[in-house]
Structures are given as structure tokens and as C-alpha cells.
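Convention: sequence-line order gives letters A, B, ...; per-chain numbering from 1.
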Amino acid sequence: MFKKEIISLLSKEINLKPEQIENLIETPPNPEMGDYAFPCFALSKKLKKSPDKIAEKLFKKLKPTKEIEQIKPIGPYLNFFINKKELAKQIIKINANFGKTNLGKGKKIAIDFSAPNIGKPMHIGHIRSTIIGDSLMRTYNFLGYNPIGINYLGDVGLHIGKLIVAYELWLNKKNLKKNPVNELLNLYVKFNAKEKTNPKLTEQAKEKLKKFELGDLKTEKIWENIRKVSAESFNKIYEMLNINFHETIGQSQFSDKGKQIVINALEQKIAKREPDQAVYVLLDGKKKFILRSNQTASYITQDLGAAVSRFKKYKFDKMIYVTDFRQKQHFDSLFSLLKAMKYDFADKLVHLTFGAVKFGKEIMATRKGQIILLQDVLNKTIEKARKEIKKRKTKGDKTKVGIGAIKYIILKNEPAKDVQFSWEQALSFEGNTGPYLQYSYARASSIIKKAKKTKAKISNHLTKEEIALIKKISLFPEIVERAGKLMNPSLIANYSHELAQTFNEFYHSNKVIGNKNQTFRLKLVQAFRTCLKNSLYLLGIEVMEEM
RNA sequence: GCUCCUGUAGCUCAGCGGAUAGAGCACUUCCCUCCUAAGGAAGGGGUCGCAGGUUCAAAUCCUGUCAGGAGCACCA
């Protein structure tokens with residue numbers, strides 16, 4: 001929070017732009033060396049002096065201020081010591097708005113996330129898009145943007161054709177009633193197995209798809225049933241996860257719009273027809289098909305339609321597609337196609353990719369039915385939480401704890417990296433986990449609850465744990481901004497862990513209640529709670545007063 | 001074959017141009033007459049895949065190379 005002061009001090013003496021100075025400023029490895037450091041290497045060439053001497057010279061020129069109480073050259077670095085009491089004064093004043101900005105005022109960001117396929121259950125691999133997307137929604141909202149969450153259901157496509165064929169052939173009505181999601185999964189797995197020895201089945205699935213697109217009533221009825229059953233199971237999970245969308249709409253709604261775009265492209269000679277009537281656009285010398293020879297829309301046809309419709313509807317400043325890294329080429333093509341078709345908004349589209357969820361060496365896949373159902377994961381972690389709460393005889397909320405554990409596992413990794421899923425990890429509530437963070441919050445709440453209120457006064461001697469906590473809290477706004485800019489919730493997750501750790505170190509060696517600095521320490525604990533609560537809010541993890 | 005992503009402690013991950021590379025798990029000790037031990041303290045454990053290059057400075061940037069994963073459909 002006092003970085004700006006240092007930049008303005010330095011910019012008076014150094015011939016560098018404020019942004020350049022900001023980039024150079026760093027944190028010393030050890031707090032005893034200072035709170036901020038300015039390395040002088042970059043200047044030494046220009047000034048033809050050793051960096052040590054430059055640091056020395058700057059030291060003589062700069063005068064401490066109210067916020068920066070001491071400046072000290074250490075070798076080639078010029079180190080700054082902030083006035084901790086001043087910072088403490090500011091930190092204990094923070095409220096629920098801490099970290100919020102109006103950076104994105106008036107800007108709309110559409111976020112396409114979750115997007116499960118109907119007819120398939122959600123598994124632990126699906127959940128990444130859902131949880132990352134939700135966290136981005138929260139983060140952009142915090143930063144003053146107007147985020148629009150879109151759940152683009154995969155309600156059409158060859159997998160649906162396959163499922164409808166299987167439904168007609170092998171459906172067990174009793175099982176469908178008992179556990180619809182499971183029965184649909186069985187049908188799908190069975191189809192994929194049989195398909196290998198019977199290629200006719202694949203043809204049948206394609207036929208079905210065409211019938212469906214042409215509006216065949218019998219097919220539509222089955223589809224509607226699949227859609228309904230799936231929507232119910234998705235909503236159950238979204239409810240548990242406390243995730244909301246502004247719009248939930250199926251891909252199938254954009255087939256017509258997509259085809260219209262294809263026709264326009266043909267008219268403008270951007271697209272061409274094959275002799276068999278399939279339509280393609282040449283991208284980097286390669287044919288990219290945008291309509292099938294049987295004139296049905298494919299995934300990309302619908303995506304074209306959806307993108308154009310969305311821009312018309314929302315006039316977004318940016319749209320982020322949150323999907324698996326395996327779809328990278330698809331989105332690159334989609335963006336290139338839109339550009340080739342002269343849609344200016346193509347520049348506003350971004351694809352945020354994320355890695356796979358692995359269980360051992362396996363990547364989760366629905367095809368073979370080798371999956372870990374999300375519902376099972378949630379149930380098991382919640383059950384574990386229930387046991388832990390019972391053991392401790394506290395008033396913790398098992399759902400909040402269980403869900404928090406799962407969300408944290410998913411968010412703590414950088415999106416680009418794979419997530420290694422194991423039951424051991426999912427059911428562990430110690431160390432770098434969601435429940436650890438919630439526990440820290442509950443401890444802080446407990447202290448507040450037990451203390452009697454008095455007025456705050458900052459003592460003359462801040463302990464090193466107090467200082468560490470104050471400084472850590474002060475970093476929060478920068479972290480949120482960076483997470484938004486880089487579309488990376490893991491920055492917030494890792495920060496939350498560091499924050500909780502710093503707090504735990506603090507309360508172990510700094511008694512709050514009954515201490516002569518109780519008034520100040522209570523305020524500090526309160527500030528910590530506010531900061532952690534906001535930080536966890538951005539991850540979609542709920543806190544409890546007790547657990 | 002071409003393209004993309006990932007290689008950091010036994011495992012899971014931070015760090016992504018600066019001063020001795022950090023957490024968590026696991027392992028060895030210690031701390032509940034003390035605000036919830038889902039906690040804290042201490043310890044062992046690393047040629048940052050490998051080789052060059054750029055730089056005053058490289059885990060971090062560039063090139064090459066090896067390993068793992070993925071994509072290269074009128075599937076989504």
C-alpha cells in the first residue's frame with residue numbers, strides 16, 4: 001500500500017518512468033533488511049557508476065517521509081522501511097469493501113464456463129471449468145466489471161445421437177426412474193463398447209442427429225427427457241456449489257443462426273462448398289469445415305452462431321471461454337473464422353485453457369465410464385467433514401467444509417497445469433487445504449467473540465508477527481488485481497493460504513485477550529477476518545464463525 | 001511428422017529477471033493446567049529435466065535437446 005510513496009520518491013531522483021520503477025521494486029528476502037528494495041543495477045550502465053555507489057548516492061538525496069520511515073543502502077540495493085504504525089492504522093480501518101476497485105467500471109466481460117454435456121454426469125474433470133469460471137465471475141465483479149456468466153450446455157452433437165439410439169435400443173425404465181443419470185451413463189458406455197464391433201450404430205447415431213435437427217417429434221421427446229433429467233442433476237450440483245449463471249442455454253439453440261452465418265460467408269465468397277455440399281473456409285491453407293455434407297450444423301457452426309448472438313445481445317468488452325486445453329485449436333479456429341468473416345468483436349474473445357484432472361496416470365473420461373463422479377466426491381468430502389465436526393463437537397457446517405475442500409483443490413493450481421486428484425488429498429483437511437483456511441477464520445472469530453470490546457490504540461512496539469500480518473493483509477488488493485488481469489484464481493488461493501499461515505503464527509505467539517495491547521490486536525484480528533473472508537469469497541469458499 | 005502445454009524436495013504444488021530457491025503432505029522430535037491441536041515450533045530432504053546463449057544478474061528470457069501429456073475429424 002505504501003509502494004506508491006516509494007515510487008514518487010524515487011521518480012524525483014531517477015530518470016525512469018513510474019511504471020519502470022514499479023517493475024523494479026521488489027521485496028527483500030528478509031524483513032530485517034527492509035520492506036521494499038530498489039536494485040540499482042539497471043542504472044549503473046547509464047550513470048557509469050557501480051550500483052553500490054548509486055544506492056549510496058540515492059540514500060543521501062532521499063529524505064524519509066511519514067510513510068517511509070527509513071531508507072538504507074545495502075550493497076547495490078536501496079532498501080526502504082515503511083512506517084508500520086502508519087500501515088497498521090490503515091489496516092485496522094479496512095471494511096468489507098477491502099480489495100474492491102472500480103477498475104472495470106462500465107466494462108462487460110462475458111464468461112462462458114461449466115458447459116456440461118447433457119446425458120452425461122458431471123465428473124471431477126468437468127468441475128474445473130465450473131469452479132474457475134465462478135471464481136473469475138466473482139473476481140471481475142470485485143474489480144468493478146460487469147461479468148455475465150453463460151452456461152452453454154452441450155445439448156446436441158454426435159454424443160446425443162448416440163445416446164438417443166442407445167435409449168431406444170436398451171433403456172431400462174426402472175433404472176431410469178431410480179437413478180436417471182446413472183442409467184444414461186450406462187447407455188452411453190454400452191453404445192461406445194458396441195460401436196467398436198458394429199459401425200452401423202455410428203451411422204444410426206448420425207441419422208438420429210439429423211432427424212432431431214429436422215424436428216422429428218419422437219426423437220425430440222426422448223431428447224427432451226434426457227435434457228430434463230440432466231438439468232435436474234446439474235442444478236443439484238450448482239446449488240451445492242453455490243454457483244449461478246446469468247444465462248443457461250443449449251448449443252442447439254444456435255444451429256439456425258450458425259447456418260445463416262455459413263450462408264452469408266458463402267455469399268461473400270469467404271466460404272466454399274465441396275462437391276458433396278459440405279462447407280469450409282480455408283484457414284492457413286487448411287480446410288476448416290463449418291457445415292456437414294448432410295447440411296447439419298456441427299459444433300463450430302453453433303459456436304459461430306452463439307458468439308455472434310452473444311455479442312449482439314451483450315456488447316461485451318471481452319468474452320472468456322473457460323475450457324479444457326484440448327480445445328485450444330478449436331477456439332483458435334473459431335476466432336480466426338470470425339475474423340475472416342469480418343466480425344470486429346473477434347479481437348475481444350479469449351480462450352482460457354486449463355489442464356487435465358488426473359487420477360493416477362489416467363485422465364478422466366466419460367467414454368469408458370472410468371470416472372469419478374462429482375456427486376460422489378462431494379458426498380464423500382461432506383461425510384468426512386461431518387465426522388470431523390462430530391469429533392470436535394463444534395457447530396461447523398459440513399457442506400461448507402466439504403465443498404470448500406474440493407474448490408480449494410481445484411483452484412490452488414495454476415489453470416495451465418494438470419490437477420492430480422487423489423482421495424487421500426480430497427479427504428485431507430490439514431495443511432494447504434480449504435478447511436485449514438476456514439479453520440483459521442473460525443479461530444479469529446472465536447477470539448473476537450470472547451473478547452470484550454474496547455477502543456483501539458496502537459502500541460509502541462509492534463511484534464514481528466503483528467507486522468508480518470499487517471503487511472500480508474496489505475497485499476490483498478494487488479493480488480486481486482493481478483488475478484483478474486492474468487485470469488488466474490490460484491494467485492488468490494495461494495495468497496489465502498499464506499495469509500492464514502501468517503495469522504496462525506501470530507495467534508500462537510501473541511495473546512490477544514488479556515494482553516495490554518488487546519484493543520489493537522482485536523482490531524488486527526478483525527482486519528484479518530475481513531481480508532480472509534473477501535479472499536475466500538473470490539474463490540467461492542464460504543466461512544463459518546465456528547468449526 | 002507438425003503444433004500446443006507441462007518438467008522445481010520422495011509426493012502435491014508456489015516462485016517466472018535480482019540478495020541464502022519456498023509451502024503443504026510424508027518422515028524425526030517438541031508444544032493442549034495457554035483465545036478451538038482442522039493449529040504451532042524445530043530438523044533432515046534440491047546439480048530448479050539436460051546443453052548452449054542473452055544479461056552486471058537466469059529456476060525465471062531465447063535457442064536446441066530429452067521426457068510426459070494433448071491436439072492435428074464433415075466429434076464435442
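- Using a 4.0 Å cut-off between charged nitrogen and carboxylate oxygen, A:Lys259 and A:Glu213 count as a salt-bridge pair.
- Relative ring orientation between A:His123 and A:His126 is described as tilted, the plane-to-plane angle lying within the 30° to 60° band.
- Taking atom CG of A:Asp155 as the reference point, atom P of B:rA76 lies 12 Å away to the nearest angstrom.
- When the nucleotides B:rC13, B:rA19, B:rG71 are ranked by their closest atom to the side chain of A:Arg326, B:rG71 comes out on top.
- Nucleotide B:rU12 has B:rA23 as its partner under the Watson-Crick or G-U criteria, with both atom distances under 3.5 Å.
- With A:Glu466 as the partner, the salt bridge (Lys or Arg N to Asp or Glu O under 4.0 Å) test is satisfied by one option alone out of A:Arg521, A:Lys471, A:Lys523: A:Arg521.
- Contact check for A:Ser298 versus A:Phe289: no side-chain heavy atoms found under the 4.5 Å cut-off.
- Under the Watson-Crick or G-U wobble criterion, with both distances below 3.5 Å, B:rC56 is paired with B:rG18.
- Using a 4.0 Å heavy-atom distance criterion, A:Ser44 is classed as making no nucleic acid contact.
- With sequence neighbours excluded, no residue forms a salt bridge (Lys or Arg N to Asp or Glu O under 4.0 Å) with A:Glu207.
- Across B:rG40 and B:rG24, the matching P atoms stand 7 Å from one another, rounded to whole Å.
- Residue contacts for A:Val525: at a heavy-atom cut-off of 4.0 Å it reaches no nucleic acid atom on any strand shown.
- Across all strands shown, A:Gln251 has heavy atoms under 4.0 Å from sugar-phosphate atoms exclusively, and none from any base.
- The nucleotide B:rC72 finds its pairing partner in B:rG1, both defining distances of the Watson-Crick or G-U wobble pair being shorter than 3.5 Å.
- Across all strands shown, B:rA67 pairs with B:rU6; the Watson-Crick or G-U wobble distances both stay below 3.5 Å.
- Nucleotides B:rG69 and B:rG22 place their P atoms 32 Å apart, quoted to the nearest Å.
- Annotated as syn: B:rC32, whose O4'-C1'-N torsion sits within 90° of 0.
- A close approach under 4.0 Å does occur between a side-chain nitrogen or oxygen of A:Lys417 and OP1 or OP2 of B:rG7.
- When rounded to the nearest whole Å, the span between CZ of A:Phe503 and P of B:rU36 equals 10 Å.
- Using N1 to N3 plus N6-O4 or O6-N4 for Watson-Crick, or N1-O2 and O6-N3 for G-U wobble, each under 3.5 Å, B:rU28 pairs with B:rA42.
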